[in-house]
Amino acid sequence: MAYPFSEIEERWQKYWQGHKVFNVGPEPGRKKYYLLEMFPYPSGKIHMGHVRNYTIADAYTRYKWMRGYNVMHPMGFDAFGQPAENAAIKNKTKPDIWTHKCIEWMKKELCRMGFSYDWDRELSTCESGYYRWNQWIFLKMFEKGLAYKKGSDVNWCPSCETTLANEEVVNGGCWRCGTQVEQKDLEQWFLKITAYKERLLDDLKELNDWPRRVIAMQNNWIGKSEGVDIYFRLKDSDKGISVFTTRADTIFGATYIVLAPEHPFIKDMIRGRPQEKEALNFIDKVSRQNKAVRSSEDVKKEGVFTGCYCVNPVNNEIIPIWIADYVLMEYGTGAIMAVPTHDQRDFLFAKEHKLPMKVVISPEGRDTISAAKISEAYEGDGIQVNSGQFNGLPNQEAKAKIAAWMEEKGIGKIQTRWRLRDWLISRQRYWGTPIPIIYCDKCGIVPVPYDDLPVELPKDAPFTGEGGSPLSKVKEFVDVPCPECNAPARRETDTMATFFDSSWYFLRFCSPSFDKGPFDEREAAYWMPVDQYIGGIEHAILHLLYSRFFTKFFNDLGMISFKEPFRKLLTQGMVLKDGEVMSKSRGNIVDPDSIIRKCGADTLRLYILFAAPPETEMEWSERGIEGAFRFLNRVWRLADNVKGNKGERSAALEKKTHSVIKEATQDIEGFKFNTAIAQIMELVNEIYQNLDSDITEAVHTVVRLISPFTPHLAEEMWLRLGNKESILSSPWPEYEEKMLEDKVITIIVQVNGKLRFKINASSGISTEKLKELALADERMAPWIKERQVRNIIVVPGKLVNIVV
RNA sequence: GCCGGGAUGGCGAAAUUGGCAAACGCACGGGACUUAAAAUCCCGCGGCCGCAAGGCCUUGUGGGUUCAAUUCCCUCUCCCGGCACCA
């Protein structure tokens, strides 16, 4: 008979909530611990990804709790966003009503998992009590020149009918729906995240407890590259073209330069030349080409000669100027110097168009390589040749010297280029935070005064999903007097990207109902930074980069003293079914609710922690669930075995108990829940082997060790074992080192590094004695009979290795 | 191409500093209990040879360092993720 999990789980969930067990406040003298998982979008149902994320967090919360920490573990909802609009259209309701209903459902599901949240801190980003502080932060940024409006080519998702940030474009598609992103020239609001680029990059070095790949991804995204801008004067003109290069050491080998077809200089430069028509045709052709096609690898690089020449500033050689589609206007200066001998793309282009080549770096250090003979560019390191006064230097050394020399002579400038662009935050959607800006014909762009916040989002908007900002159709919202001159003016009708909301919610949790600012600085000083953050890898750049940016901004305002929001980060792996991500479209979803009904939340929690380490992907297995359930029943039955147990103490069981405490505790501390659970299983097995002995202490230990994973079962068993209080108020079990010591130890005997047999010896045995013992063993005889012992290695307490 | 991660039984996985490869679980096989089944409890379970004792092989590939390598170094292959006509 299975244990009565549903009755137990219901009872303890009521207890934890009724007694507000996990509600906390600052307590001087007690170590704080702020544990946070990425808050969910309220879609109504939780999925296995949520279950995994929150179970990992909950197990750790309960563990830290029992270790005596003052643990803050809040939960809230990232409640603005497009799905609410889509659902509202589909179900003929309002996003507001739909969202609140979803939050209710979701909360219920979270409670049914037995998660340990401080629900008094619950927040939802769609409440004006929250988003008014989005507006406040926006205004502060506006004041500091960090929020600005500009017209430019921006990413546009035709399906979502809104603009997107660069970070929201994944492989050329919209991160949400996958639709190919288009470019549109629009006036939009941006946040100047680039003002923080150096700090966002440098401080990555301090994040030692973040996964390496997240650091690597942010590094790539910020994309610092150091090089030189070199100025090439046009022949017979005082104008010139700047090119950017990271290979200043190859400048003496530059035999032509290439401009991007969009380069603004071209039209003036080629006017009236015989090549003009051909060049304009080429530019026109490229401009009509799809960007993805143009950048694909198998498309042949094309180009035309402009008829113009410029001067290589280091050796005054006259070199031709070309236009080619493989040079991009968006990167560097939109112009490159071509060194066909040391860059493969330049090499192929030069071959095709019969352009000259010159070797300037030689792996052998001698000027013996003929440019005419090489079959590919040499991109490695070597010694400078054909490079004037720099001949003979290793190229890496020459790179710095040439750059400095060019800068001194005024023909180049050392430059750092970044990939990171400012963050576009305007969205042409309804369900988001209104941007607190008013447009006045006389006064221009006017910020809403702080006292007028919040700018409330109208509950009703005729949003139809047919394009255009829905708020622009709400007359009462749009028409407003100018705060400065009182003349009729118009409100901004775009809303903020929802990533704005989630960029600082971890601070709001410290004082969720504070009404004098986004957060109470004293509370934040106590709780922040987040000690452990847990969430999905999909936010490696987006949310985690933005949150770091906001934190640095608050630091600049003097509101907080730390620079990084999340001390430790754990990115949990995905839950797969048949090798694929669970998703509605694939139809391979396993509903957590069905598992809870069948086996209980504890079984689900245990299984999901046991199946794989938290960071790796895990494959869903129905058999695994059954195994976890079987194990919990096995644990449950132990309580009956304890009753009336009158056996003697068992040394073996006691030793196992203490070693399991030690190992399991270490494992939990390092989030290795799978092996921690394996340890507990071993102890349970050991108890079953010793049912005739006194098992009381061992069973108590099992219940306490397993309580972070299966809290309902543990609480119930704890009472049944005769304890009066919740297991949460019992301390974490401690082990005694002396219980782990053996009087008799097993020594491994190897011959030539391979295990041959084992011998027992007393723990204090000397090295010499051990050697003798091993050599004297009858099982050693065949090995040393006809061979000579060359060496004997002894690792005290562990092994003897005889080398013959 | 650059950066980061990875490859261990039929499967999920484990292995302190280099020191018993495969803990724990799943699946599978056998036994006990039962009229029977389920449940439960116990035993076995990398491959090859052997009646057995035991031996040989085995952590993606090839090499190296070492008394000893899943672990350290080098080479290559494949897989996952990020960036990229990035100059």
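Note on naming: letters A, B, ... go to the chains in the order of the sequence lines (proteins, then strands), and numbering restarts at 1 for each one. Scope of the values below: all heavy atoms of this structure, side chains included, with no hydrogens, waters or symmetry mates.
Using a cutoff of 4.0 Å between basic side-chain nitrogens and carboxylate oxygens, Glu622(A) and Lys598(A) are scored as salt-bridged. Ion pairing of Asp777(A) with Lys758(A) is absent here, as no side-chain N (NZ or NE/NH1/NH2) approaches a carboxylate O to less than 4.0 Å.
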Identify all pairs in which a protein N or O lies below 3.5 Å from an N or O of nucleotides 80-83 of chain B, and state each distance.
from, atom 1, to, atom 2, distance (Å)
rG82(B), N2, Asn220(A), ND2, 3.2
rG82(B), N3, Asn220(A), ND2, 3.1
rC83(B), O3', Arg419(A), NE, 3.0
rC83(B), O3', Arg419(A), NH2, 3.0

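Ranking rC20(B), rA68(B), rA27(B) by closeness to the Glu626(A) side chain, first place goes to rA27(B). Comparing rG25(B), rA87(B), rC42(B) by their nearest atom to the side chain of Asn685(A) picks out rG25(B). Side-chain proximity of Pro613(A) to rA13(B), rC24(B), rG19(B): nearest is rA13(B). Minimum atom distance to the side chain of Arg630(A) is reached by rC26(B), of the listed rA87(B), rA23(B), rC26(B). The side chain of Arg756(A) lies closest to rC56(B), out of rG25(B), rG19(B), rC56(B). Considering only the side chain of Phe244(A), rA87(B) comes nearest among rG19(B), rG5(B), rA87(B). In this structure, of rA13(B), rG25(B), rA27(B), it is rA13(B) that holds the atom nearest to the side chain of Asn674(A).
Taking the ring axis of Tyr326(A) as reference, the NZ or CZ atom of Arg345(A) does not stay both within 45° of it and closer than 6.0 Å to the ring centre.
In this structure, rU35(B) makes no Watson-Crick or G-U wobble pair, since no nucleotide meets both defining distances under 3.5 angstrom. Nucleotide rA69(B): unpaired (no Watson-Crick or G-U wobble partner with both distances less than 3.5 Å).
Arg637(A) has no side-chain polar atom (N or O) that falls below the 4.0 Å cut-off from OP1 or OP2 of rA39(B). Put simply, Arg345(A) has no side-chain N or O that comes within less than 4.0 Å of OP1 or OP2 on rC85(B). Distances shown here put every side-chain N or O of Arg779(A) at or beyond 4.0 Å from the OP1 or OP2 atom of rG55(B). A close approach under 4.0 Å does occur between a side-chain nitrogen or oxygen of Lys754(A) and OP1 or OP2 of rC57(B).
Contact of Gln750(A) with rG19(B) (side chain to base): a donor-acceptor pair of N or O atoms is detected under 3.5 Å. The base of rC20(B) sits with one of its N or O atoms less than 3.5 Å from a complementary donor or acceptor on the side chain of Lys758(A).
Toward the 5′ end of RNA chain B lies the nearest nucleotide of Ala611(A), the other residue of the pair Ala611(A) and Gln679(A) mapping further downstream.
Looking at heavy atoms from C-beta onward, Glu302(A) lies in side-chain contact with Lys285(A) at the 4.5 angstrom threshold.
Glu682(A) comes within contact range of the sugar-phosphate backbone alone, with a heavy-atom separation under 4.0 Å but no base atom that close. Contacts of Val214(A) with the nucleic acid, taken as non-hydrogen atoms under 4.0 Å apart, are absent. Across all strands shown, Trp210(A) has no heavy atoms under 4.0 Å from either base or sugar-phosphate atoms. Using a 4.0 Å heavy-atom distance criterion, Asn801(A) is classed as a base contact.
Here Trp783(A) pairs with nothing under the ring pair (Phe, Tyr, Trp, His ring centres under 6.0 Å) rule; sequence neighbours left out.
Rounded to whole angstrom, the span from the CG atom of Asp640(A) across to the P atom of rC41(B) amounts to 13 Å. The interatomic distance linking Ile745(A) (CD1) with rC20(B) (C1') rounds to 14 Å, in whole Å.
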For a quick test of your reading: what N or O donor-acceptor pairs under 3.5 Å do the side chains of residues 790-804 of chain A make, sequence neighbours left out?
from, atom 1, to, atom 2, distance (Å)
Asn801(A), OD1, Asn752(A), N, 3.4
Asn801(A), OD1, Gly753(A), N, 2.9

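Classification of rG9(B) as syn follows from a glycosidic angle within 90° of 0.
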